[in-house]
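To start, the structure itself, in structure tokens.
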2 protein chains.
Amino acid sequence: MAVTLKDIAEQAGVSQAAVSIALGSSGRISGTTRDRILKIATDLGYRPNLLVQGIQTGRTQTIGLLMNFASAFDAHLFDGIHNALSDQQYVPIVLCRDDDHGNVLEQIHSLLDRRVDGVLIRPTDGTVWEDHLEAILQRGVPVVALDVEIQAKMPQIDFCGTDDIHGAHTAAKHLLDLGHRRFGVLNSGDPRTPMSIRGQAFAEAVNATKGTTCVTQLSAWNGRTYENDGARALLDLTPRPTAIFGTSDNVAATVVHAADDRGLSVPDDLSVVGFSDTEILRSSRPTLTTMRQDPFEIGRRAAKMLLDRIDEKHNRTASPAPRQAVRQKTELVVRKSTAPPAGS
Amino acid sequence: MAVTLKDIAEQAGVSQAAVSIALGSSGRISGTTRDRILKIATDLGYRPNLLVQGIQTGRTQTIGLLMNFASAFDAHLFDGIHNALSDQQYVPIVLCRDDDHGNVLEQIHSLLDRRVDGVLIRPTDGTVWEDHLEAILQRGVPVVALDVEIQAKMPQIDFCGTDDIHGAHTAAKHLLDLGHRRFGVLNSGDPRTPMSIRGQAFAEAVNATKGTTCVTQLSAWNGRTYENDGARALLDLTPRPTAIFGTSDNVAATVVHAADDRGLSVPDDLSVVGFSDTEILRSSRPTLTTMRQDPFEIGRRAAKMLLDRIDEKHNRTASPAPRQAVRQKTELVVRKSTAPPAGS
DNA sequence: CTGAAAGCGCTTACAG
DNA sequence: CTGAAAGCGCTTACAG
């Protein structure tokens, strides 16, 4: 069906090996025959079979991507990854946590069986990644963690994500500078997630100032949205916090809504800070003060790190570079949801 | 490195072909040796090389997926696809429109070169898909269109999406029943998109009732969010519409915001209906009346249709089934953004 | 019922 | 500088 090297070889009157070499980069074939072969290949619409090349060269130009999609943040992460990959003719096989078939190990094997050159993984949910990653590392397949750092900082696994601690400190400073002293933090469950890291860093930062209080609440994630319960609990405190740090824009939005339900005005009665600067919330009322992340750039950078590792593995020149952990800085975006506390 | 059939054959003292047959389904090997071979395979941790199997059998257990991610709707679409695929040990190579590398044809070749068994495609943006799809169809690779129907209804391309016309009619009926007669429709650019189809169907439905007016406006999509300009233009009409149909939840949200900016109350001064029932907007204020879609089910169904076509192709029993076009019904969800017009 | 051989479409040593 | 051969790890006719 498809055109093969053999077809070209027959038309050109040379061996199949000669065609393979002519089409390859290692200019081993004289200019004139080479041009002739190339022309025939083009005319016939030749396309290499990447499966065979993969077997032969040990490179499939394919990576595995393990991540879930829920928000616009995730979408941008993917766009960045896709952008870096397509620059180098790579494509991703994308697998996500599936409630019915939660077997991560099987997914990893599914990637390995297809001989992916590397794996990009966003290690969310409670999975014990350290165990599952064994299979990948044994095969010598590079792995990069995306957005969420793997708890046991394995020396073979690079990381690319956000400087959550710095971001949370900046948010804390913003609110402290405005004069706030009673804080609430709205967090999510898993201690490994960026959200938790932010929440802890925020609490540390405000606690370093005398005369402050800071109460942390958890917000339940039902798989699709956050519940309002955590936000309500914070607003029911006596005395009520004057400022609440939402560890993501989405939980921050639940605070705004809960305040609205109680007739509290943001920012007059309550200041709210989010984290991410997701576009979808840019039109929220009031507009949200937040720490801007650049998920596209995180995705792009992470994919590049992975591609570099893959190259490194094939050009066995020097010894491999040490583990890299890139943490991108966030930027404070002040909008209408923060103000000095009432009566200050 | 990896365990091969040869390794197993040596340990078992049989030929490599025997191992291949023993591991396959066609019980051609006697029970006792077969069990022995299976045990050795398990002990050695044998995993088949799917690249080789792909070359050999013509099936890679891999499909190509061409779609962009932006909203939660897209994420659910993907979840549904993933769910159906993983049921059958399939994985998707996911490619999306990339502003810098917009060459769809190259992406298609990139999939074909990797010998995907089928392609699932969401034919958004202005691309002339009919042309690009040639390359796929020539190879005999099945294609299913997802969510957006390809304009020229090619007989080889199945479709799975939403019954937009029925949904728009239902929305129109809801507002007409409430007593509205002056309508606005907020739409998006491309006439092939579901949004446009909904807008037209809505206008038709209300125009079928005497004494109604219906003005359509376009809302600009800046690649990440919708601008408010279209919504403002509708609110500036004299007389102002009493009800606006947003052809997606996101544009409906811009209407609510624009109304808010003008001090108009929803639903007292203005009724707004959305389309999709995206979770992220369930917490909007006021909560939005909308036509609920089930993107998970659309994705799942579309992927199943594709897998069926792939099977059909390999089990050349009967002649192929005719083109299928599945349009899922939507459900009207009445919330707080719709009410009878003022003064009625 | 089982083994030896051919073949899938390439690349890469190895001879001339 | 070029051709013929071997090999990647499988599956599937084809002989015994």
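Throughout, a chain's letter reflects where its sequence line sits, starting with A, and its residues are numbered from 1.
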I'd like to know if A/Arg323 and A/Asp158 make a salt bridge, using a cut-off of under 4.0 Å between side-chain N and carboxylate O. no
Take the protein atom CZ of A/Arg36 and the nucleotide atom P of D/dT2, then report the distance between them rounded to whole Å. 11 Å
So, is A/Tyr46 near the phosphate of C/dG9, with a side-chain N or O under 4.0 Å from OP1 or OP2? no
Counting only side-chain heavy atoms from C-beta out, which of C/dC8, C/dG3, C/dT11 sits nearest to B/Ile55? C/dC8
A/Lys6 NZ to C/dT11 C1', straight-line distance once rounded to whole Å: 17 Å
Look at the side chain of B/Gln56 and the base of C/dG7, then say whether one donor and one acceptor between them are separated by less than 3.5 Å. yes
Using whole Å, what does the distance between atom P of nucleotide C/dT11 and atom CD1 of A/Ile21 come to? 9 Å
Side chain of B/Ser15 only, heavy atoms from C-beta on: which candidate in C/dT12, C/dG3, D/dT11 is closest? C/dG3
Taking only side-chain nitrogens and oxygens of A/Gln16, does any of them come within less than 4.0 Å of OP1 or OP2 of C/dC10? no
Whole angstroms only, please: what is the CG-P distance between A/Leu51 and C/dG9? 11 Å
Roughly how many Å is it from CD1 in A/Ile37 to C1' in D/dT2, rounded to a whole number? 11 Å
Suppose we define a pair by two distances each less than 3.5 Å, Watson-Crick or G-U wobble; what does C/dT2 pair with here? D/dA15
d(CZ, A/Arg34; C1', D/dT2) in whole Å: 15 Å
Phosphate OP1/OP2 of C/dT11 contacted by A/Ser20 side-chain N/O (<4.0 Å): yes
Taking only the side-chain heavy atoms of A/Ala17 (C-beta and beyond), determine which of D/dT11, C/dT11, C/dT12 contains the nearest atom. C/dT12
Within 6.0 angstrom of B/Arg122 CZ, more than 12 heavy atoms from elsewhere: yes
Please state whether the rings of A/Phe69 and B/Phe69 are parallel, tilted or perpendicular, taking 30° and 60° as the class boundaries. parallel
Is the number of heavy atoms from other residues, nucleotides or ligands under 6.0 Å of B/Arg309 CZ greater than 12? yes
Go through D/dT12, D/dC10, C/dA4 for me and flag the one nearest to the B/Val52 side chain. D/dC10
In terms of side-chain geometry, is the basic nitrogen of B/Asp311 or B/Arg59 positioned less than 4.0 Å from the acidic oxygen of its partner? yes
Let me spell it out: for each of B/Gly13 and B/Arg115, pick the nucleotide of DNA chain C with the closest heavy atom. Which residue's pick is nearer the 5' end? B/Gly13
Proximity to the side chain of A/Val14 - top-ranked nucleotide from D/dG3, D/dC10, C/dC10: D/dG3
Over how many whole Å does the gap from B/Glu10 atom CD to D/dG9 atom P extend? 12 Å
Rounded to the nearest Å, what distance is computed from the CZ atom of residue B/Arg47 to the C1' atom of nucleotide D/dC10? 16 Å
